[in-house]
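What follows is a set of notes on a single structure, which appears directly below.
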Amino acid sequence: IGANEGQNINLKIAAMDSNALKVAGSGEGFARFEIEGTVEVPTSESVTALAAGEQTLDVVGIGNITVGDDVANYGLANADGKIVAISQDGKEYKVLTAATEMNKLAGAEVATDYTITFGDAVIDDKVTLNATIVNGETTGIEDIMATASVKVTGLEAGKYTVATFDANTHTPGNTWDSEAPSFALLNAAGEVVALGNSDGKNFYALGDLTLDTNNEFKADNGGVLKDVAAVMTTATGLKDGDTIEIKADGGINVSTQEAADKAITIINDAIETVSAERSMLGAMQNRLEHTIANLGTSAENLQAAESRIRDLDMAAEIMEFTKSNILNQAATAMLAQANMAPQTVLQLLG
């Protein structure tokens, strides 16, 4: 913004996404990550619900339907939209004897001991598997992968990566309440936001931890680590290279009078935050426009000065030229007069 080195200004635009404005959640939500499942197949029961070969099943919500002795809150739907398995908690899916339409689910039959089990809840997204069927009966299921969901608190919505913990590059110290932290949870910018224990099941926010005089991690409240609530806990455990996506839960909610009343404050705060940011940008724009106008004036003045100097030099040169011309003409006239004097003397003598 100036003519000299270092005359600069810095412009930083704050995050204006829905999470930053707190209209998409308040740090609570669900972490979603890939999980491998196991299956138990009975040796003697005819099951036609699953198709043969590789397939993708959609995880759908079922409104608390009673199927025999089981309660169905979630289901696995095939490409035709028919339910092939049901679950109450999203962890254990019981396979039906035959694929059943949603509106006929109450009359479906659940296969005995035919279950697909996940360590953490699978309550949305998809499940992929490879089923082997011989003579109309399933003899095995391989490569069961799904998207698990676990509750998280204190972590912003976004994508995260699990990496092997390196005390030298991430955080000082090498012990963590008598146990070395094995994993770090990195945000999209590569910053460490939480540390996980050796089995990758419990992750703790850095804000809940501190270092004692021995560079050991302790609970920030002075207690031991077990007194601190984990921001994320999984049953299966995460490992190096795993990626998770956290979706915020909550935010704007108008389902009840109390929630709607609270939403007014959330929306108003978001509007004020955006307005303040726009005001800052407007002030910065005015500052830059002032600089542009000032530079324009300086350029115009410089051009005018250069023009005046150019015009002054031209006038001086013309004056010098005229003076030289006059002197030259005068000298010529004097020489002519001097040449005529001898001629006049000769005429008189003659």
Side-chain angles (χ1 to χ4, degrees), residues 18-19 24-40 49-50 55-96 99-103 105-106 108 110-111 114-129 131 141 143-160 162 185 200-203 229-239 242-253 255 259:
S18 58
N19 294 308
S26 58
E28 296 185 358
F30 290 92
R32 305 170 70 250
F33 53 91
E34 274 200 340
I35 185 175
E36 187 175 358
T38 59
V39 64
E40 179 182 353
L50 292 173
Q55 55 199 285
T56 299
L57 305 173
D58 292 321
V59 182
V60 297
I62 300 175
N64 195 29
I65 298 177
T66 300
V67 182
D69 296 331
D70 297 286
V71 176
N73 290 316
Y74 307 100
L76 302 182
N78 60 19
D80 297 327
K82 295 183 178 181
I83 306 300
V84 299
I86 60 172
S87 175
Q88 183 175 3
D89 57 5
K91 295 182 179 180
E92 183 181 76
Y93 282 84
K94 296 184 177 182
V95 179
L96 304 179
T100 307
E101 296 177 357
M102 182 79 75
N103 58 359
L105 196 56
V110 179
Y114 198 141
T115 58
I116 299 174
T117 305
F118 301 99
D120 292 293
V122 175
I123 57 177
D124 59 7
D125 209 15
K126 301 180 183 298
V127 173
T128 60
L129 54 84
I141 298 179
D143 304 326
I144 309 173
M145 296 298 298
T147 302
S149 297
V150 296
K151 190 75 174 179
V152 296
T153 57
L155 292 177
E156 294 182 357
K159 294 183 178 180
Y160 295 82
V162 179
L185 191 62
K201 295 183 178 180
N202 296 308
F203 284 82
V231 294
M232 179 175 63
T233 299
T234 68
T236 54
L238 299 175
K239 59 183 182 302
D242 284 348
T243 58
I244 67 174
E245 181 181 7
I246 296 178
K247 290 190 174 182
D249 183 28
I252 302 301
N253 180 11
S255 60

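Remember, predicted model here, so these are calculated numbers, not experimental data. We're numbering straight along the sequence, starting at 1.
Residues V122 and A148 share a closest heavy-atom pair of CG2-CA, 4.2 Å. In terms of heavy-atom proximity, K82 sits nearest to A99 at CB-CB, 3.9 Å. The nearest pair of heavy atoms linking T234 to V150 is CG2-CG2, 4.0 Å. Residue A235 comes nearest to G119 through the heavy atom pair CB-O, 3.2 Å, listed as atom of the first residue, atom of the second, then distance. Considering every non-hydrogen atom in both Y74 and G90, the closest pair reads CD1-N, 3.7 Å. Across T243 and F33, no two heavy atoms sit closer than the pair O-CB, 3.7 Å.
Here the straight-line distance linking atom CG of D125 with atom CG of L57 works out to 12.0 Å at 0.5 Å rounding. With rounding to the nearest 0.5 Å, the separation of CG in N78 from CD in Q55 is 8.0 Å. Once rounded to the nearest 0.5 Å, the distance linking CD1 of I246 with CE of M232 reads 6.0 Å. Between atom CD of residue E92 and atom CZ of residue F118 there is a gap of 11.0 Å, rounded to the nearest 0.5 Å. Interatomic distance, L76 CG to K126 NZ, rounded to the nearest 0.5 Å: 11.5 Å. To the nearest 0.5 Å, atom CG of residue L185 and atom CD1 of residue I244 are 4.5 Å apart.
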Show the numbers, then the answer: is there a side chain to side chain contact (heavy atoms under 4.5 Å, CB included) between L238 and F203?
-> CA-CA 10 Å; L238 299 175; F203 284 82; 4.0 Å; yes
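Of the possible donor and acceptor atoms, one in the side chain of D89 sits under 3.5 Å from a partner among the backbone N and O of K91. The closest donor-acceptor contact from the side chain of T100 to the backbone of I83 lies at 3.5 Å or more, if one exists at all.
Contacts of D120 classified as side-chain hydrogen bond (donor to acceptor under 3.5 Å, both in side chains), with partners at least two apart in sequence or in another chain: T236.
For the pairing with I62, the side chain to side chain contact (heavy atoms under 4.5 Å, CB included) check across V71, L105, N73, V67 returns one residue only, L105.
The cationic group of K94 does not satisfy the cation-pi geometry with Y114, failing either the under 6.0 Å distance to the six-membered ring centre or the 45° limit from the ring axis.
Looking at L155 and Y160, their side chains come closer than 4.5 Å, going by heavy atoms from C-beta outward. Using a 4.5 Å heavy-atom cutoff, the side chains of V152 and V231 are not in contact. Looking at I116 and L129, their side chains come closer than 4.5 Å, going by heavy atoms from C-beta outward.
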